[in-house]
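The structure under discussion appears below in the form of structure tokens.
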Number of protein chains: 2
Amino acid sequence: MARWEPNARERLVRAAIDLFSEQGYDNTTVIEIAERAGLTKTTFFRHFPNKREVLSTGQEELGQLLREGIAGAPTSTTPLEAVAAGLDAATARFTPAQREFGPRLEAVIAANSDLQERDAFKHTRLVAAMAEALEERGVPDPVTRIAAELGGLAFSRAFTRWTMPANTLTFSELARRTLRELHAATRGLD
Amino acid sequence: MARWEPNARERLVRAAIDLFSEQGYDNTTVIEIAERAGLTKTTFFRHFPNKREVLSTGQEELGQLLREGIAGAPTSTTPLEAVAAGLDAATARFTPAQREFGPRLEAVIAANSDLQERDAFKHTRLVAAMAEALEERGVPDPVTRIAAELGGLAFSRAFTRWTMPANTLTFSELARRTLRELHAATRGLD
DNA sequence: CGAAGTGACGGAACTTGGTCACATCACTTC
DNA sequence: GAAGTGATGTGACCAAGTTCCGTCACTTCG
């Protein structure tokens, strides 16, 4: 018989989301999270660098997928089409579990400014990753930032659409569609 | 004779920036900041809700100026021109002291991820303020976000240009100019 | 003129996030 | 079967942030 149950990290994430939903982020202690997962505070911090990060798993992987998707697009494609390729790569690995947790996550984040800060940082990191990948393709400076910003908007808007119960489309389909809508709206600026 | 020296808040900000520049953000304690300002830890937390916020003074005021500037633009102006009016209002009240502190602030923020999170949040709050002000003017949904995002980019890029020693232009002039450049670059997306 | 506010600060105890050194124990490997 | 290995537990520790209470100059009002 094993001394420890497996999947300690996943148990911690689930316990954290449950407790945050039940009693709020500020009112739940790291010790509480660890104990509900059958572990201790020290073990929690072995799996996550801090309390916020328990909700931001797989962040660096997402940025890497965006970079690779943009770098792998054919050289003849436009900046925005390269961004679409990056979104394809990034959205492909999302699981049904992530779709299910989406609304609860958003509710918890919306209720706490610390988590909002963390979320804003995540978003800017993703945008920065896209901008850098575009720059390496030779896209000129202001265009990189704008295309990346549109990609970031498309990603987050598509995610909330994807997690809506009525939705039947793929995250990737929604991302491409949202990006097209944003591009079209560009002509409404003046 | 007064019991306390005046300008406690300003003294705390200066002490914090000095100490952060000298020995880094993580390595300086709130007690150190307070003592250099001739105060105590308790008084520090009476002026600022937490350690990060000592570098983010006048944040809500900035958002309010953006809102008012956008709301006050003539009804016939385009979304992007309304954003330009908001930038006019927001950039007008920046002081030479803020220009002088700019590079040091950016250096301190660049060296610490906590401060980067806080900075990202500030940026998204400003963008959200612009988007909401545009929405109240009747601008349709995706256009509000894009125009606001361009406004946010223009603001931050213009700020770093403004603080460069070689610069002779006004922050407001730079903001309008940067916004025009971003708008022009929009046509390079495809 | 004097006594009761008022407001800005100090002091100290307390909770919690986060770190660290060290011990423990199942499992593997040689 | 003895020596790793790796994930965990224990407990002490530090700094951020909160809370309660006390202090003292200044103001206000009877």
Side-chain angles (χ1 to χ4, degrees), chain A residues 1-20 22-57 59 108-109 111-119 121-122, chain B residues 1-57 59 108-109 111-119 121:
Chain A
M1 177 182 122
R3 182 182 181 192
W4 304 288
E5 302 296 322
N7 304 325
R9 185 188 181 92
E10 183 186 339
R11 268 153 48 213
L12 285 168
V13 172
R14 288 184 173 273
I17 294 181
D18 286 347
L19 286 167
F20 292 164
E22 291 170 14
Q23 56 193 22
Y25 176 83
D26 282 332
N27 293 330
T28 93
T29 271
V30 172
I31 295 182
E32 285 181 282
I33 300 172
E35 282 178 352
R36 178 168 293 202
L39 299 168
T40 64
K41 177 187 170 187
T42 308
T43 304
F44 177 94
F45 285 108
R46 282 207 184 86
H47 286 274
F48 307 98
N50 55 55
K51 186 180 169 185
R52 292 190 299 262
E53 209 78 7
V54 73
L55 298 183
S56 311
T57 64
Q59 178 62 22
V108 170
I109 291 174
N112 181 270
S113 69
D114 263 29
L115 295 178
Q116 289 174 40
E117 287 191 20
R118 175 67 204 168
D119 203 50
F121 189 52
K122 273 175 51 184
Chain B
M1 178 181 121
R3 182 182 180 191
W4 302 289
E5 302 295 321
N7 305 325
R9 186 187 181 92
E10 183 186 339
R11 268 152 49 211
L12 284 169
V13 173
R14 288 183 174 274
I17 294 181
D18 286 347
L19 285 167
F20 292 165
S21 301
E22 291 171 13
Q23 56 193 23
Y25 176 83
D26 283 331
N27 293 330
T28 93
T29 268
V30 172
I31 296 182
E32 285 181 283
I33 300 172
E35 282 178 350
R36 177 168 294 201
L39 300 168
T40 65
K41 178 186 171 187
T42 308
T43 303
F44 178 93
F45 284 109
R46 280 207 186 86
H47 286 276
F48 307 97
N50 55 54
K51 186 180 168 186
R52 293 191 298 264
E53 209 78 8
V54 72
L55 298 183
S56 310
T57 64
Q59 177 63 20
V108 170
I109 291 174
N112 181 270
S113 70
D114 263 29
L115 296 178
Q116 288 173 41
E117 287 192 19
R118 174 66 205 168
D119 203 50
F121 189 51

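Note that the structure is a prediction, hence the values are computed from the model and not measured. Order of the sequence lines fixes the chain letters, A, B, ..., with proteins taken first and strands second; residue numbering starts at 1 for each chain.
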DNA chain D contacts among residues 26-34 of chain B, heavy-atom distance under 4.0 Å: B:T28, B:T29, B:V30
Side-chain touch B:E32/B:Q23, heavy atoms, less than 4.5 angstrom: yes
Distance, rounded to the nearest Å, where B:E53 contributes CD and D:dG17 contributes P: 10 Å
Options D:dT8, D:dG17, C:dG17, nucleotide nearest the side-chain atoms of B:K51: D:dG17
A:F48: ring-ring contact (aromatic ring centres under 6.0 Å, His included) partners, not counting sequence neighbours: A:F44
d(CD, A:E35; C1', D:dT10) in whole Å: 14 Å
Ionic contact status for A:E117 with B:R52, cut-off 4.0 Å: yes
Side-chain donor/acceptor contact of A:R46 with base of D:dG9 under 3.5 Å: yes
Partner nucleotide, any strand, of C:dC30 [Watson-Crick/G-U, under 3.5 Å]: D:dG1
Euclidean distance, atom CZ of residue A:F44 to atom P of C:dC20 [Å, nearest integer]: 17 Å
Pairwise ring-ring contact (aromatic ring centres under 6.0 Å, His included) hits with a residue in residues 21-41 of chain B, at least two apart: B:F20-B:Y25
Nearest-neighbour nucleotide for the A:F45 side chain, D:dG17, C:dG17, C:dC9 considered: C:dG17
B:R52 CZ - D:dA16 P separation (whole Å): 12 Å
Sugar-phosphate, base or nothing in reach of A:T43, heavy atoms under 4.0 Å: sugar-phosphate
Residue B:L39, side-chain heavy atoms: nucleotide from D:dT8, C:dT19, C:dG10 that is nearest: C:dG10
Base C:dG10 to side chain B:K41, donor-acceptor N/O within 3.5 Å cut-off: no
Partner set under ring-ring contact (aromatic ring centres under 6.0 Å, His included) for A:F45, not counting sequence neighbours: none
Given D:dT18, C:dC9, C:dG10, the nucleotide with the shortest approach to the side chain of B:H47: C:dC9
Nearest-nucleotide pick for A:T42, side chain only, options being C:dG18, C:dA21, D:dT19: C:dA21
Partners meeting salt bridge (charged side-chain N to carboxylate O under 4.0 Å, His left out) with A:R36 (sequence neighbours left out): A:E22
Partners passing salt bridge (charged side-chain N to carboxylate O under 4.0 Å, His left out) against A:K122 (at least two apart in sequence or in another chain): A:D119
Whole angstrom value for the distance that separates P of C:dA8 from CG of B:N7: 13 Å
Whole-Å gap separating C1' (D:dT8) and CZ (A:R11): 11 Å
Rounded distance in Å - CG (A:N50) to P (D:dA16): 15 Å
